[in-house]
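All remarks here apply to the structure that follows.
Hydrogens, waters and symmetry mates are skipped; everything else that's a heavy atom, side chains included, is used.
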There are 2 protein chains.
Amino acid sequence: MKQKTIEQAWRGAERCKSCGIRHLALFADIPQESFDRIHLPIDDITFEPGHRLYLQGDDIPFVFTIRSGLVKLAQRMRNGDRRIVRVLGQGDLAGLEGLEGLPMDHDAITLDHVTVCRIPKSVVKSLRRDNPELHMALLQRWQSALSAANTWITQLSTGSSKKRVARLLMFLHERSVDDTFFLPTRDDMGAMLGITTESASKATAEFKRKGWLKTVGQNRACIDVDELAPACE
Amino acid sequence: MKQKTIEQAWRGAERCKSCGIRHLALFADIPQESFDRIHLPIDDITFEPGHRLYLQGDDIPFVFTIRSGLVKLAQRMRNGDRRIVRVLGQGDLAGLEGLEGLPMDHDAITLDHVTVCRIPKSVVKSLRRDNPELHMALLQRWQSALSAANTWITQLSTGSSKKRVARLLMFLHERSVDDTFFLPTRDDMGAMLGITTESASKATAEFKRKGWLKTVGQNRACIDVDELAPACE
DNA sequence: ACTCAACATTGAAAAAATTAAATTCAGCGA
DNA sequence: TCGCTGAATTTAATTTTTTCAATGTTGAGT
């Protein structure tokens, strides 16, 4: 079990109004007086790479807003194969299924250093009761999650392994805050794209040789978008 | 443009309470008095195979509950490739995205004969305003759509072409009302599984040779589940 | 019965991906 | 420094998939 660090724990939600990504977060449009009536702990937590937010089958009493970093959602199949079905980034919500009282159908594991806002289901539920804004926000989260799933199928599970890797790099580039982005292990890339580790390695090595992909430090990289774009189709 | 046949059109929603699949449908738990206040047309429509419910980019004022038959959701990519991202069956909802006011990101096209219940967005919106049951029903639709998308990725976009075809047949079998199911064209199977038409044809032909798959009539088939199951992994 | 068009099947060659094994490389602790 | 370890890469053999082209099959319409 990896370690976790609780930076700050707040009674109530005073912190939310000064949250740097509030415009992206679940409570974006919730009026202040709604917060004032809520006095439940909303924790701001930092996780290191490889931490499990929850596992397939878990029944967790939280949802998580990703404040920074990347989280992979992976499903394991009976035969042991695993497939990463989505990668969440800043502003995305993890654990939506839990709100409907269903057990998780996937693992959620941090890829790099991740900060999340952990919100008890009970808070969401009680706010949802009388906040149409939150209703809308939740529906929009579902919408964007589904849209992301579609993209995952059409862009990252289709075409040759090279195209898939190229599209994955573009995807990671687009969702990054700065001009570099987190480069997953070849193993994870394979699980994201439905190809073997070796195929992922071959494609990334080729892009690096051609200078379209440059590694920066340990786990980060940047790409030449104009050069890589043609390789996507 | 394909033809459509309007079996019955109803002013108001009197019909809903006697709907045969109401337990599966969107308005399952809506109290009768809510219906009585609504007087907008909810149409019961039959489509023949190949009819487009809506196309990518459309901004439609309806959602559709599938009463019978199958509907494919397909995304087209810039290079012209298409990928079927999901197949909807009885009780599923098509056009959810429209509720959030977003244009459709996919085509919805009937595979076989399909009957739908076409509900104006405005009806859903006005009912949603004061019906927590409908809120719940909508969230659950989103949930099951997302869960289906995950299944699509892990089961139908992973592994060898034979496994994918086997899993698709199992999937179609499970969702069928009777013991036969609609067998898509090899072309559509390819688009569902991310493989070529020929690969889909070879796999289905092999299963037929082995007697694990039997065609029944034109577009329908049945499988020997016990024989086919091992081929899924 | 004939024709046409759409769909399905098949075979052979080419291309691509997977498997397996070996190698390089960087970081880490003794 | 040395050896260890995990990750990434390389290589070669094998398997799978795609491509391309030809051949069957089927049903609708004449």
Side-chain angles (χ1 to χ4, degrees), chain A residues 2 48-50 79-83 111-112 156-169 182-221 231 233, chain B residues 2-3 48-50 72 79-84 109 111-113 156-169 182-221 231-233:
Chain A
K2 298 293 172 73
E48 52 185 43
N79 65 10
D81 286 1
R82 80 197 165 93
R83 185 78 201 264
L111 283 173
D112 51 357
L156 302 181
S157 301
T158 302
S160 70
S161 60
K162 267 181 230 174
K163 280 178 195 163
R164 295 190 200 190
V165 172
R167 292 196 275 239
L168 175 62
L169 295 174
F182 177 80
L183 190 65
T185 66
R186 307 305 173 272
D187 205 44
D188 274 347
M189 288 176 61
M192 290 177 200
L193 303 174
I195 59 179
T196 58
T197 308
E198 290 84 351
S199 295
S201 175
K202 244 177 258 190
T204 54
E206 181 180 330
F207 292 148
K208 276 202 273 187
R209 264 196 301 278
K210 287 181 175 165
W212 302 349
L213 172 72
K214 284 185 185 28
T215 52
V216 179
Q218 182 58 91
N219 288 321
R220 298 191 70 81
E233 48 169 271
Chain B
K2 299 292 170 75
Q3 236 172 298
E48 53 184 42
K72 64 180 173 185
N79 65 10
D81 287 0
R82 83 199 162 93
R83 185 75 202 264
I84 294 174
I109 300 174
L111 283 173
D112 52 356
H113 276 281
L156 302 181
S157 302
T158 302
S160 69
S161 61
K162 270 180 230 175
K163 281 179 195 161
R164 295 190 200 190
V165 171
R167 291 197 276 240
L168 176 63
L169 295 174
F182 176 81
L183 189 66
T185 66
R186 307 303 172 271
D187 205 44
D188 274 348
M189 288 176 60
M192 290 177 200
L193 304 174
I195 60 179
T196 58
T197 307
E198 291 89 342
S199 294
S201 175
K202 272 169 215 188
T204 54
E206 181 181 330
F207 292 148
K208 278 202 273 186
R209 267 194 300 275
K210 287 181 175 165
W212 302 350
L213 171 72
K214 286 186 183 25
T215 52
V216 180
Q218 180 58 90
N219 287 320
R220 298 191 73 79
C232 293
E233 48 172 270

Discussion item. Please determine whether salt bridge (Lys or Arg N to Asp or Glu O under 4.0 Å) holds for the pair B:E206 and B:K210, giving the CA-CA distance in whole Å, both sets of side-chain angles, and the decisive distance to 0.1 Å.
Written reply: CA-CA 6 Å; B:E206 181 181 330; B:K210 287 181 175 165; 2.8 Å; yes
Response to the item:
Out of D:dT17, D:dT10, D:dG27, minimum distance to the side chain of B:Q218 belongs to D:dG27
Item to complete: Give the rounded distance in Å between these two atoms: CZ of B:R186 and P of D:dT25.
Response: 15 Å
Discussion item. Show, in sequence, the C-alpha distance, side-chain angles and deciding distance for B:D112 and B:Q218, and conclude whether the side-chain contact (heavy atoms from CB on, under 4.5 Å) test is met.
Written reply: CA-CA 11 Å; B:D112 52 356; B:Q218 180 58 90; over 6 Å; no
Worksheet item: Using a heavy-atom cut-off of 4.0 Å to chain B, what are the terminal contacting nucleotides of DNA chain C, in 5' to 3' order?
Response: C:dA8 to C:dA12
Practice prompt. Rounded off to whole Å, could you give me the CD1-to-C1' distance for the B:I195 and D:dT18 pair?
Written response: 11 Å
Worksheet item: Once you round it to whole Å, what is the distance between P of D:dT19 and NZ of B:K202?
Response: 11 Å
Fill in: Value in whole Å for how far the C1' atom of D:dT17 lies from CZ of A:R164
12 Å
Fill in: Between C1' of D:dA8 and CG of A:L183, the distance in whole Å
11 Å
Practice prompt. Whole angstrom is fine here: how far is it from CD in A:E206 over to C1' in D:dA8?
Written response: 16 Å
Worksheet item: Over how many whole Å does the gap from B:E198 atom CD to D:dT17 atom P extend?
Response: 13 Å
Practice prompt. Figure out the CG/C1' separation between A:N219 and D:dG6, and round it to whole Å.
Written response: 13 Å
Worksheet item: B:V165 pairs by side-chain contact (heavy atoms from CB on, under 4.5 Å) with which of B:K202, B:M192, B:M189?
Response: B:M189
Discussion item. I'd like to check A:L169 versus A:L183 (side-chain heavy atoms, cut-off strictly below 4.5 Å). Are they in contact?
Written reply: yes
